[in-house]
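To start, the structure itself, in structure tokens.
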Number of protein chains: 2
Amino acid sequence: MGSSVSKDDHVVTMRDVAKAAGVSIKTVSNVVNDYEFVSDKTRAKVNEAIERLGYVMNVSARNLRRGRTGIIGLSIPDLQMPYFAQLSSLVIEEAKKVGLRVIVEPTLYSREGEFDALLGSQQTMMDGLIYSPLQLGVADIEDIKLEYPMVLVGERIFTDRFDHIATENVEGAKRATQYLLQIGCKRVAVLGTHPGEDIGSASLRLQGYKEALEEAGVDFDPRLEAPVGMWHRTDGVEAMNHLLDSGAQPDGVVALNDMLAAGAMHAIQMRGLRVPDDISVVGFDNSDDSQYLSPALTSISPGLEAVARLSVRVLNERIAGQHPLGNDTDAAVFRKVSSTLVVRDSTRQPAVA
Amino acid sequence: MGSSVSKDDHVVTMRDVAKAAGVSIKTVSNVVNDYEFVSDKTRAKVNEAIERLGYVMNVSARNLRRGRTGIIGLSIPDLQMPYFAQLSSLVIEEAKKVGLRVIVEPTLYSREGEFDALLGSQQTMMDGLIYSPLQLGVADIEDIKLEYPMVLVGERIFTDRFDHIATENVEGAKRATQYLLQIGCKRVAVLGTHPGEDIGSASLRLQGYKEALEEAGVDFDPRLEAPVGMWHRTDGVEAMNHLLDSGAQPDGVVALNDMLAAGAMHAIQMRGLRVPDDISVVGFDNSDDSQYLSPALTSISPGLEAVARLSVRVLNERIAGQHPLGNDTDAAVFRKVSSTLVVRDSTRQPAVA
DNA sequence: TTGTAAGCGTTATCAG
DNA sequence: CTGATAACGCTTACAA
């Protein structure tokens, strides 16, 4: 036989175990579910029977009875983007800790996919959903009716109808810019903007850059803004070359994500300039491989661990019918996870004071 | 209310719909399941009632009754590795096409995790498993008893007890090496070996390299073998620098994965040498970002699309109790997916003949 | 501490 | 083409 499905005549059920152990079904159930008040003797008897008969719980039956499945959904745009792969990995890990399994649903940049994840045929297959939309806006979900609790992740939608765990896009970029200013950069460029786009990470991060400049009393120089098409490495190369050719003379670069930063460093180095000696570079996302670049990339970490931990916790509490995060009200939770600057070798050391 | 769970007094069931539509429960079931022989009039009536009452199927009840859950597991070492993120993404996509959902289980490089994925408490929660182990060997699973069909993916374990979709590690590296030879490289280095490791991708790929050399009548020069610790970008930088310093004078490099290749290109370029003019570089895995490197990386594509498609198909056929891949026997399937060389800009153009 | 019995919401069987 | 009715395997009052 190719596969090894056990094709026994009869599937072993609790009833069989009960009979074999000479106890009632209820007792078997108690043992299986670690109910406290079972005598050791009985427990041993039952466990022996379970072992002997090769009994395994039928999860579907339990789910039907309990009205829960122990599964949550995680809807993200693209599992192949390092940012979302990491988020997924962390969410799965957190969920496991509280006995939940995760079905990951990549929506692949389509509105339809995002709606589907929300209202798809599996509404009763999941106890809840962690939702990170890219296409949908507030209007789309404002008066949607869901069968289960949902936690929003990201900064795409703001509403008080749902619990929401947000990241610090503005503050993160601001922090990066401030750091470059602080270590003595005079002409800090921002690389990777999406002109004309009013919502999304790019505009939020640009805003943070501008805020830092303003608070430092530095005028915004449009020549130091390098727009790109996508956020890939080549776009970073291209934009950085443009910046270098334009005579804008940057001595620091805030790249709006790590791939752009990698490309920027490449372009800089290809000209015989050095990172960080001639130009310091900061990335964003602190993706796994930022530490493996040459030089290792200083980057803003959005704190995905906390995002994963909080969103799973809130969702789990909603599923259990509790108020989230120990609140005393039922109101939707909004929480912003702090970003941190991870300093590596792509930025000069701070000037000694 | 923070979340929007519909807490109606009574969950709408098929019975309610049947009553509302003035038909029997079975008829509702027939409509919901797209049973062919239902009169249009009846179907319309039922659908109207479903809409009006806001009925949604209880998946757990269906699962219990049908004895299937419509969920398969995918066990991989690490969701954050591009290779596995891509595999997962593709498997999810393929599974969706045949009405299956996927629970991804990253085993995080531990034997325990890999056993867990196999025998975990959810044995009846999944209809089948796609399994890509890293730690376990044949001995570990040789006489394991599973509740469901399992399809192996990778080249870690070879057994005829389970269906197996393999990739071309040997052939892929051979193809890469042959290509470099063909375009005129005289001293082709292999970068990223793991000396002393007898099983796993590194040794298989090294083997392919050696086979190509041998068939071309080129002696293997140990000075052209660059071992590394890990398969990260920095390891590629380091190993390439070592190669360059050693006087081995490579004019072509087969990197054992794309990250190593990226690092190698970086090291080469930092010395003022050019890719591909001075040294041609081929990577392995054809990861998403190989096309975004500078220059865009020529790479071996392991054909993950086909791996995903085949493994889902075989698993699905097993679940349905059919012979896999249209075979006339029940024997375990073994299929090797062809790798292909994706030529980009990191290799010289073939010399004109 | 353990047993009894009534569902959970669907699907399948088999008549009508 | 449609309708009654019996499972599917488990949990959970309630009783003992």
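Keep in mind that the numbers below use all heavy atoms, side chains included, and drop hydrogens, waters and symmetry copies. Reminder, nothing fancy here: chain letters follow the sequence lines and each chain counts from 1.
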Determine the contact category for A:S60: base if any of its heavy atoms lies under 4.0 Å from a base atom, sugar-phosphate if only primed atoms, P, OP1 or OP2 are that close, otherwise nothing.
nothing
Pick the nucleotide of DNA chain D nearest each of B:S39 and A:A61; which residue has the one closer to the 5' end?
B:S39
Look only at the side chain of B:N47 and the backbone of B:A44, and say whether a donor-acceptor pair between them is shorter than 3.5 Å.
no
Separation between CD of A:E105 and OH of A:Y131, rounded to the nearest 0.5 Å:
9.5 Å
Can you give the first and last nucleotides of DNA chain D, 5' to 3', that have an atom under 4.0 Å from a heavy atom of chain A?
D:dG9 to D:dA13
Yes or no on side chain to side chain contact (heavy atoms under 4.5 Å, CB included) for B:Y109 and B:R111, after CA distance, side-chain angles and deciding distance?
CA-CA 7 Å; B:Y109 309 101; B:R111 279 178 62 85; over 6 Å; no
May I have the distance from B:R15 (atom CZ) to C:dG7 (atom C1'), rounded to whole angstrom?
11 Å
Test side-chain hydrogen bond (donor to acceptor under 3.5 Å, both in side chains) applied to A:R313 - qualifying residues, sequence neighbours left out
A:E317
Looking at B:S89 and A:L79, what are the two nearest heavy atoms and their distance?
N-CD2, 4.0 Å
For A:R156 and A:Q135, indicate whether the former's side chain and the latter's backbone hold a donor-acceptor pair under 3.5 Å.
yes
So, using side chain to side chain contact (heavy atoms under 4.5 Å, CB included) as the criterion, who are the partners of A:Y35 when residues are at least two apart?
A:N30, A:F37, A:V38
Between B:T42 and A:T13, whichever has its closest DNA chain D nucleotide further toward 5' is B:T42
Whole angstrom value for the distance that separates P of C:dC8 from CG of B:D16:
11 Å
Taking CZ from B:R62 and P from C:dT11, how many angstroms apart are they, rounded to a whole number?
5 Å
Flag for B:E147-B:T124: side-chain donor and acceptor within less than 3.5 Å
no
For the side chain of A:S132 and the backbone of A:I76, is there at least one donor-acceptor N/O pair under 3.5 Å apart?
no
So if I take residues 24-32 of chain B and measure heavy-atom distances to DNA chain C, which residues fall below 4.0 Å?
B:I25, B:K26, B:S29
Is the side chain of A:D127 donor-acceptor paired with the backbone N or O of A:I72 at a distance under 3.5 Å, no angle test?
no
How many whole angstroms separate atom CE of B:M14 from atom C1' of C:dG7?
18 Å
Residue-level proximity of residues 63-71 of chain B to DNA chain D when a heavy atom falls under 4.0 Å:
B:L64, B:R65
Measure from the side-chain heavy atoms of A:Y35 and tell me the nearest of C:dG3, C:dT10, C:dT2.
C:dT2
Can you check the A:M125 CE to C:dT10 P distance for me, whole Å?
14 Å
Restricting to side-chain hydrogen bond (donor to acceptor under 3.5 Å, both in side chains), what partner residues turn up for B:N63, sequence neighbours left out?
none
